2 protein chains.
Amino acid sequence: MSLATASRVLNGSTRKVAESYRERVDAAAEKLGYTANLSAQATARGTSAIVALLVADIGDVSFGQLASGVVRGAEEAGFVVTIADTDRDPERELRLVRTMRGQRPRGLILGVARNAGSDSAGLQNELTALAAVGCHIVVLGEGEPGQRSISLGNRVGAESLGTELAQLGYRDAVVVGGLEGLRASDDRIDGFTAGFTAGGGTVAAVRHGATTREAGYAAARQLLADGLPEGTLLFGISDVVAAGIASAVRDAGREVGADIAVAGFDDIPTSRDIGPGLTTVRAPFAALGHRALRAAVETDWQPDADPPLTLDVVVRGSTPRRST
Amino acid sequence: MSLATASRVLNGSTRKVAESYRERVDAAAEKLGYTANLSAQATARGTSAIVALLVADIGDVSFGQLASGVVRGAEEAGFVVTIADTDRDPERELRLVRTMRGQRPRGLILGVARNAGSDSAGLQNELTALAAVGCHIVVLGEGEPGQRSISLGNRVGAESLGTELAQLGYRDAVVVGGLEGLRASDDRIDGFTAGFTAGGGTVAAVRHGATTREAGYAAARQLLADGLPEGTLLFGISDVVAAGIASAVRDAGREVGADIAVAGFDDIPTSRDIGPGLTTVRAPFAALGHRALRAAVETDWQPDADPPLTLDVVVRGSTPRRST
DNA sequence: TTGTACGCGTTATCAC
DNA sequence: GTGATAACGCGTACAA
């Protein structure tokens with residue numbers, strides 16, 4: 001029989017093929033261990049079954065969750081995922097987007113935290129070039145108009161946390177971490193402040209800084225040295241930062257929880273083991289990744305088709321109820 | 001000018017091209033924002049610039065480190081990395097290897113912990129089929145003959161830990177976690193036992209179990225209920241397991257460190273924040289990933305060209321020096 | 001429904 | 001050194 005017939009049965013063509021042929025083809029394919037050459041398919045079709053995932057730092061603890069969701073969704077949809085790491089270097093980011101473009105991917109997921117409006121023109125060009133060839137650009141967080149964007153819900157999650165902690169009796173808080181102008185952290189700061197103030201609390205200060213354990217430690221150390229009244233709440237912009245804070249508190253001879261309260265954001269796998277158990281907000285990165293993938297592959301995708309992701313506050317020992 | 005000439009300058013062909021042409025081509029490529037179509041290149045060349053990475057569980061904390069090393073190496077070598085997650089399901093693993101084969105990758109990195117000799121015939125067929133088309137199979141851990149394998153050094157790392165802890169004055173230990181027959185955990189158990197016994201200690205028991213926080217918690221809880229003398233050392237097969245152990249110790253009203261000592265393996269990012277700081281062995285997953293990638297792309301690769309990876313013991317508060 | 005023939009974007013072989 | 005041209009493996013009009 002002809003190659004065309006075989007091709008028709010192997011790829012899910014709309015065309016009908018006689019059952020007898022179909023069986024023979026399937027049998028032969030099975031026996032020979034045939035697997036379609038994806039590259040050749042891609043050249044012929046003009047579009048590949050690839051979704052590219054570009055993140056700022058693969059080593060980040062939350063990345064695994066995100067990637068997990070993306071990969072799971074990809075398998076469901078019959079796509080392959082390629083990953084790259086910008087290492088927070090805009091130049092490298094540009095180069096990588098260009099490399100990814102070489103794959104003619106169906107979608108590109110951008111998990112690169114960025115300062116508002118700081119995108120280089122080169123990157124925007126590259127992105128529009130990609131979009132022009134039918135690649136769906138989906139940015140995690142807030143994207144430019146014309147791009148598909150999907151966000152975690154940092155603001156509302158942090159707001160819930162603020163509310164909850166105010167209800168637990170906390171009145172004075174300091175926010176630690178988050179680079180100024182970074183959308184994701186600004187949202188967390190704003191949300192927390194809103195919730196906490198609405199509950200009757202006061203955010204005394206915001207100590208901006210990198211989202212690292214070291215930065216959290218250093219900031220908390222300074223705060224403690226300057227004198228921090230008992231019952232003060234230290235809100236780390238992420239669990240990693242909060243871990244640093246908790247460590248600094250202990251090193252200063254204070255007790256996490258009863259003396260100085262600490263809260264974080266993300267609920268990384270080990271946050272329950274930090275200090276007396278870290279109060280935090282569970283950020284559903286896996287679900288985010290899953291949605292991102294769907295946004296990357298679906299032909300028609302609606303911005304608000306899905307309900308917002310739910311971010312649950314999880315209260316642990318680091319913020320016990322404060323008896324007034 | 002001809003397409004051939006253009007092709008010659010764009011891809012790193014060995015052939016020489018006049019400087020004048022070269023400049024014109026580069027200029028045009030720049031202006032048009034041209035990027036080579038990797039799929040087409042792959043079909044034409046018969047081999048792609050792809051390395052596939054298959055792991056048991058992307059969500060695993062150590063995966064990020066591994067992936068980081070792989071991706072970094074890939075960028076250096078001009079390769080693209082595709083990832084997939086077997087979710088510890090052999091059937092899915094088979095399907096995924098087949099999918100990856102569709103990409104005709106230059107290499108396949110298998111980070112799937114497996115029971116010794118439990119590979120399905122189907123998988124082996126698939127793997128040899130892949131190898132037949134020039135794909136380098138590199139397995140993390142111990143591989144079959146003919147495959148490129150590269151291991152972390154679980155045994156020697158655990159042995160160092162055992163030695164160190166014996167020197168710190170510990171005499172009685174119980175090992176927790178690790179599925180029986182799993183090479184990686186068996187190596188850790190054997191290595192630890194060897195080091196600890198050589199130092200004068202005794203491994204009273206090995207409690208096999210899953211490599212999860214829950215399993216660690218449950219096992220430790222049981223041990224504590226059965227009565228555990230002060231100064232006993234609980235060695236968790238991984239930091240995640242150790243975290244569970246530490247939690248169980250605290251929940252039982254005992255103190256981690258002074259009362260019951262706990263040690264782990266991996267040195268995950270947050271292990272210093274677990275309890276009073278978790279004593280563990282730093283497992284260089286990033287370096288492992290980097291080496292794995294090189295093994296996946298290099299034409300001629302020698303098994304023992306690189307020196308063994310170094311696994312440093314890091315002693316923290318969970319195992320203070322024991323005064324006799 | 002099935003087969004033929006061409007095109008996808010690129011590389012490689014061969015003459016020039 | 002350069003330019004035609006035949007592959008590469010597959011999808012798909014179009015004709016049969």
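What you are looking at is a predicted structure, and each value in this text was computed from that prediction instead of being measured. In what follows, chains carry the letters A, B, and so on, assigned in the order in which the sequence lines appear, proteins first and then strands, with residues in each chain numbered from 1.
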Which atom pairs, one a donor and one an acceptor, fall under 3.5 Å between side chains of residues 57-67 of chain B and the rest of the protein, sequence neighbours left out?
from    : atom 1 : to      : atom 2 : distance (Å)
B/Asp57 : OD1    : B/Gly59 : N      : 2.9
B/Asp60 : OD1    : B/Ser62 : N      : 2.9

Side-chain contact, heavy-atom cut-off 4.5 Å: B/Leu53 with B/Val71? no
So which atom in A/Ala49 and which in A/Gly78 form the shortest heavy-atom distance, rounded to 0.1 Å? CB-O, 4.0 Å
Between the protein and nucleotides 13-16 of chain C, which nitrogen or oxygen pairs come in under 3.5 angstrom?
from   : atom 1 : to      : atom 2 : distance (Å)
C/dC14 : N4     : B/Arg15 : NH1    : 3.3

Within-4.5 Å side-chain heavy-atom neighbours: B/Ser185 and B/Asn154: no
Does C/dT10 have its OP1 or OP2 closer than 4.0 Å to a side-chain nitrogen or oxygen of B/Asn11? no
Quick one: are A/Val138 and A/Trp301 in side-chain contact, heavy atoms under 4.5 Å? no
Any residue meeting side chain to side chain donor-acceptor pair (under 3.5 Å) with A/Ser2, in chain and number order, not counting sequence neighbours: A/Thr5
Is the CZ atom of B/Arg24 crowded by more than 12 outside heavy atoms at less than 6.0 Å? no
With sequence neighbours excluded, residues passing salt bridge (charged side-chain N to carboxylate O under 4.0 Å, His left out) with A/Asp87: none
Within residues 28-37 of chain B: residues closer than 4.0 Å to DNA chain D (heavy atoms): none
Within a strict 4.5 Å, meaning less than it, do heavy atoms of the A/Leu140 and A/Leu152 side chains meet? no
To the nearest Å, give me how far apart CD (A/Gln103) and P (C/dT10) are. 14 Å
Going by the salt bridge (charged side-chain N to carboxylate O under 4.0 Å, His left out) test, which pairs reach into residues 124-137 of chain A, not counting sequence neighbours? A/Arg98-A/Glu126, A/Arg101-A/Glu126
Tell me, yes or no, whether the heavy-atom count around A/Leu32 atom CG, taken from other residues, nucleotides or ligands under 6.0 Å, exceeds 12. yes
Holding to salt bridge (charged side-chain N to carboxylate O under 4.0 Å, His left out), I want the full list of residues that pass it with B/Arg95, two or more places apart in sequence or in another chain. A/Glu75
Kindly indicate whether the side chain of A/Met1, heavy atoms from C-beta on, has any atom under 4.5 Å from the side chain of A/Val25. yes
For residues 285-296 of chain A, which side-chain N or O atoms pair as donor and acceptor with protein atoms under 3.5 Å away, sequence neighbours left out?
from     : atom 1 : to       : atom 2 : distance (Å)
A/His290 : NE2    : A/Glu76  : OE1    : 3.0
A/Arg291 : NH1    : A/Pro307 : O      : 2.7
A/Arg291 : NH2    : A/Pro307 : O      : 2.8
A/Arg294 : NE     : A/Glu298 : OE2    : 3.3

Got a sec, which residues hit salt bridge (charged side-chain N to carboxylate O under 4.0 Å, His left out) with B/Asp85, two or more places apart in sequence or on another chain? none
What are the residues of residues 42-50 of chain B, sorted by number, that bring a heavy atom to within less than 4.0 Å of DNA chain C? B/Thr43, B/Ala44, B/Arg45
Work out how much the helix from C/dT1-D/dA16 to C/dC16-D/dG1 bends between its end axes, five pairs an end, to the nearest 10 degrees. 40°
Terminal contacting nucleotides, 5' and 3', DNA chain D versus chain A (heavy atom, 4.0 Å): D/dG9 to D/dC14
Comparing nearest nucleotides in DNA chain D, the 5'-proximal residue of the pair A/Leu38, B/Ser20 is B/Ser20
